[in-house]
Amino acid sequence: MMKRILLVVILPLLTLAFTNNDGKPNPRKSYPRNYFQPPVSHSLLLSGTFGELRPNHFHAGIDIKSSRGVAGDPIFAAGEGYISRIKVEPSGYGRSISINHPNGYTTVYAHMDKFNAKLEEYVKEQQYTLQSFEIELKPDARAFPVAQGEQIGYMGNTGASNGAHLHFEVRETTTQNPINPLLFGLFVEDNVAPKMHSLKVYYLNEKREEKDSKAFPVVKSGNGYKIKGDTLTIGAGQAGFGLKVYDHFDRVSNWNGIYALDMYQNDSLVYEFDLESFSFDESRYINAHCDYHERVTNNSYYNRCYTLPGNRLSIYKQQADFGLIRLKDGRTSKITIVASDVAGNNSTLEFWVKKGPSIVPVSQEIYNYILPYDEGNMIRTDGLYLHLPEGVLYENLYLRYSATAERSSGYYSDVHHIHDSTTPVHDYFDIGIRPTISIPAELKPKVFVAYCEGGGILNCGGYWEDGLLRTKVRSLGDYAIMADVTPPSVKPVTFSPNMKGFSKMAFKISDNVATALNVEGLKFEASVDGEWILMDYDKKTKTISHSFDGRIGSGVHELRLVVKDAVGNETVFERKFAR
């Protein structure tokens, strides 16, 4: 059974504020620039930068491309130290190694295809001892010392990866906070400034609440960027801005995240962030930093140049008045936005803004509840219980709620429409739903709180309390009680009665209902002739596989594979095969 185991510029005066004399970024801390060597033998070509905007998180490292576009490039220790953690998981970082170094930093190597021979033997031995593919090991500091440049494994595509690459991180060992690896002197050829694509204007009230917004294309103009007409007339006393901008490198075509952004009003710095470091605990605040609605509806990433009231990110250096641009009648303000990369390349957007007639909403938005962002909030109806603790919301929420009857097969409650999925929440909150149809006793273990969005169903788990099916969820949208009686699917990929000459056997396992991140999904256990065998699990391809390593000798054997879903539906695959 799969288990999780844990063992013991154009404006030189503006750029001076950000860069030092050699044109490089001026981080808050000083980092050793000649201590770490590159973790690969070929030149560093990046497909991902530190801190770039990703769904629900900031990217915590750099993604180094394969030299040939496939798995297998050797990976080397960036510095001397000892292996402090080895982790194998079906998603996330896949196969990963952490090395602690005597200078107080830890390097992390993720999505590896294989570890070196010594580590492979150790990990497999532990997996068989614990009878678990998914495993996290924390060896003694004396167990696996490494020298700088020692090979520790091979580049791969394991875990939540979309192609062969090395995800490489540098962390502060004591806090485990990730730090931009390029600040340690690793060389990446970069003579390309960030490219700006679109400016978004947010019309805000005194509470920093958005009343309207509009996007404007940004075009190259000489050495900088501009908008059409140069001047924006804004129908509000205060405005916020958002910028869609990406960084680029020599020799690659990827669109990456920028390192820093500064905004000036009449040459005074009013907003500044950089992606030098952050903590994993605050990474989800990306949903306040970026325009979440744009991200989920258009897959479009805008950096907000002002902060929402509930944004607690530490990446901001300067926020005069939270980055708001105050506008007065008869006065025009010059706005300058400078985007920078780690190599010191800058791009500048300059335009002017002035106050126009205030925007009057055509109709007042209808809502049922006002939920302050800085308080806990609770809602109770006959069929629904909600509790949103303080810190779940980034700004005040004018929540719309309704319930509709749903009599389709598999539904056992009304569908509760809790605002909409394009409004972000930061953390889990409590939900409880009362059934409207009697649930037979044999189905009670098979029901769950279902998130019904985008034509799909997500199992969010559930337990019974006071007649409500309760759980914790992390999205607004539509919820109902549903049941699942369909067992998982098991399909052979590489398997036949005659397995002589084959190096492995493989199967596709899948379920009809996906599970939320806080709900355990498919579980599996495989045995041959009654003895547990190791099955590697790649969640993105829904594939489990066993590599024959001599443990299964010649002759006829009996395979038993049991796969269970989140509500206990089970499929058993039993076959004989010969080796």
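Shown here are the side chain to side chain donor-acceptor pair (under 3.5 Å) partners of Tyr398, two or more places apart in sequence or in another chain: Glu209. The side chain to side chain donor-acceptor pair (under 3.5 Å) search around His289 returns Asn303, Tyr316, not counting sequence neighbours.
Of the inter-residue distances, the one linking Asn396 atom CG with Leu393 atom CG reads 8.0 Å to the nearest 0.5 angstrom. In this structure, CE in Met535 is found 12.0 Å from CZ in Phe133, a value given to the nearest 0.5 Å. With values rounded to the nearest 0.5 angstrom, Asn368 atom CG is found 7.0 Å from Leu399 atom CG. Leu458 contributes atom CG, which lies 9.5 Å from atom SG of Cys452 (distance to the nearest 0.5 angstrom). Distance check, rounded to the nearest 0.5 Å: CE of Met155 to CD1 of Ile75 gives 5.5 Å. Between Thr129 atom OG1 and Lys124 atom NZ the span is 13.0 Å, to the nearest 0.5 Å.
For residues 83-106, the set of pairs meeting the ring pair (Phe, Tyr, Trp, His ring centres under 6.0 Å) definition, not counting sequence neighbours, comprises Phe36-His101, Tyr93-His167, Tyr105-Phe184.
If you check the side chains of Thr422 and Asp420, you find a donor sitting under 3.5 Å from an acceptor. A donor and an acceptor atom, one from each side chain of Ser268 and Gln265, are nowhere located under 3.5 Å apart. No side-chain donor-acceptor contact under 3.5 Å links Gln176 and Thr173. Side-chain contact check for Ser340 and Asn346: at least one donor-acceptor pair (N or O, by modelled atom type) lies under 3.5 Å. Side-chain contact annotation: Thr106 with Asn100, donor-acceptor N/O pair under 3.5 Å present.
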Apply ring pair (Phe, Tyr, Trp, His ring centres under 6.0 Å) to residues Tyr122 and Phe144 and explain how you reach the verdict. CA-CA 10 Å; Tyr122 169 70; Phe144 298 106; 4.9 Å; yes
Between Met263 and Ile335, is a side chain to side chain contact (heavy atoms under 4.5 Å, CB included) present by the stated rule, with each step listed? CA-CA 7 Å; Met263 183 174 72; Ile335 306 299; 4.1 Å; yes
Using salt bridge (Lys or Arg N to Asp or Glu O under 4.0 Å), reason through Glu276 and Lys317 one step at a time and then give a plain yes or no. CA-CA 11 Å; Glu276 175 184 338; Lys317 284 185 171 180; 5.2 Å; no
Verdict with reasoning, His426 to Tyr285, per ring pair (Phe, Tyr, Trp, His ring centres under 6.0 Å): CA-CA 7 Å; His426 186 69; Tyr285 281 113; 3.8 Å; yes
Derivation of the ring pair (Phe, Tyr, Trp, His ring centres under 6.0 Å) call for Tyr373 and Tyr394: CA-CA 6 Å; Tyr373 78 93; Tyr394 299 124; 9.7 Å; no
With side chain to side chain contact (heavy atoms under 4.5 Å, CB included) as the test, would you mind laying out the steps for Ile418 and Leu384 before giving the verdict? CA-CA 10 Å; Ile418 307 167; Leu384 178 71; 4.2 Å; yes
Go through the steps to decide whether Lys65 and Asp63 satisfy the test salt bridge (Lys or Arg N to Asp or Glu O under 4.0 Å), and finish with yes or no. CA-CA 6 Å; Lys65 287 174 171 278; Asp63 288 343; over 6 Å; no
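For the side-chain contact (heavy atoms from CB on, under 4.5 Å) test with Tyr292, the passing option among Asn56, Thr297, Val425 is Asn56; the others fail. A side-chain contact (heavy atoms from CB on, under 4.5 Å) with Tyr259 is found for one member of Asp247, Asn180, Thr49 and no other, namely Asn180. Residue Asp478 is tested with His419, His417, His416 for a side-chain hydrogen bond (donor to acceptor under 3.5 Å, both in side chains); the sole match is His417.
The pair Lys564-Glu520 does not count as a salt bridge, with every side-chain nitrogen at least 4.0 angstrom from each carboxylate oxygen. The residues Lys244 and Glu294 are annotated as not salt-bridged, no charged nitrogen and carboxylate oxygen being separated by less than 4.0 angstrom. Using a cutoff of 4.0 Å between basic side-chain nitrogens and carboxylate oxygens, Asp374 and Lys207 are not scored as salt-bridged. In summary, Arg284 and Glu282 do not engage in a salt bridge, as defined by a charged side-chain N under 4.0 Å from a carboxylate O. Using a 4.0 Å cut-off between a side-chain N of Lys or Arg and a carboxylate O of Asp or Glu, Arg326 and Glu206 qualify as a salt bridge.
Under a cutoff of 6.0 Å and an axis angle of 45°, Arg474 and Tyr451 do not form a cation-pi pair. For the pair Arg208 and Tyr306, the NZ or CZ position fails the cation-pi test of under 6.0 Å to the six-membered ring centre and within 45 degrees of the ring normal. Both tests hold for Arg95 against Phe115: distance to the six-membered ring centre under 6.0 Å, angle to the ring axis within 45°. Taking the centre and axis of the six-membered ring of Tyr154, the NZ or CZ atom of Lys114 falls inside the cone set by 45° and 6.0 Å.
Between the side chain of Thr543 and the backbone N or O of Asp538 there is no donor-acceptor pair closer than 3.5 Å. Side chain of Asn345 to main chain of Asp190: a donor-acceptor pair is present (N/O by atom type, distance under 3.5 Å, no hydrogens or angles). Distance alone, capped at 3.5 Å, places no donor-acceptor pair between the Ser91 side chain and the Gly159 backbone. No donor-acceptor pair closer than 3.5 Å links the side chain of Asp427 to the backbone N or O of Gly391. The closest donor-acceptor contact from the side chain of Asn518 to the backbone of Lys472 lies under 3.5 Å. Side-chain atoms of Asp321 do not come within 3.5 Å of backbone N or O of Leu324 as any donor-acceptor pair.
Note: Tyr246 and His197 have perpendicular aromatic rings, judged against thresholds of 30 and 60 degrees for the angle between ring planes. In this pair, Tyr401 and Tyr369 present their aromatic rings tilted. The plane angle is within the 30 to 60° band.
Looking only at side-chain heavy atoms (C-beta outward), Met196 and Leu243 come within less than 4.5 Å of each other. Between Ile64 and Leu45, every side-chain heavy-atom pair lies at or beyond the 4.5 Å cut-off. Here the side chains of Phe187 and Pro38 are not in contact, with every heavy-atom distance at 4.5 Å or above. With a 4.5 Å cut-off on side-chain heavy atoms, Arg295 and Asp291 do not count as touching. Looking at heavy atoms from C-beta onward, Tyr202 lies out of side-chain contact with Phe241 at the 4.5 angstrom threshold.
In this structure, Gly240 and Leu204 approach most closely via the heavy-atom pair N-CD1, 3.6 Å. Of all non-hydrogen atoms in Leu46 and Val252, the two that sit nearest each other are O-CG2, 3.9 Å. For the residue pair Ile457 and Ala450, the shortest heavy atom distance occurs at CG2-CB, 3.9 Å. Between Ser47 and Asn256, the shortest heavy-atom contact is O-ND2, 3.1 Å. Summarising the geometry of Pro139 relative to Ala143, their closest heavy-atom pair is CB-CB, 4.0 Å, with the distance given to 0.1 Å. Summarising the geometry of Glu272 relative to Asp262, their closest heavy-atom pair is CG-OD1, 3.0 Å, with the distance given to 0.1 Å.
Shown here is Arg28, whose CZ atom has more than 12 heavy atoms of other residues, nucleotides or ligands within 6.0 Å.
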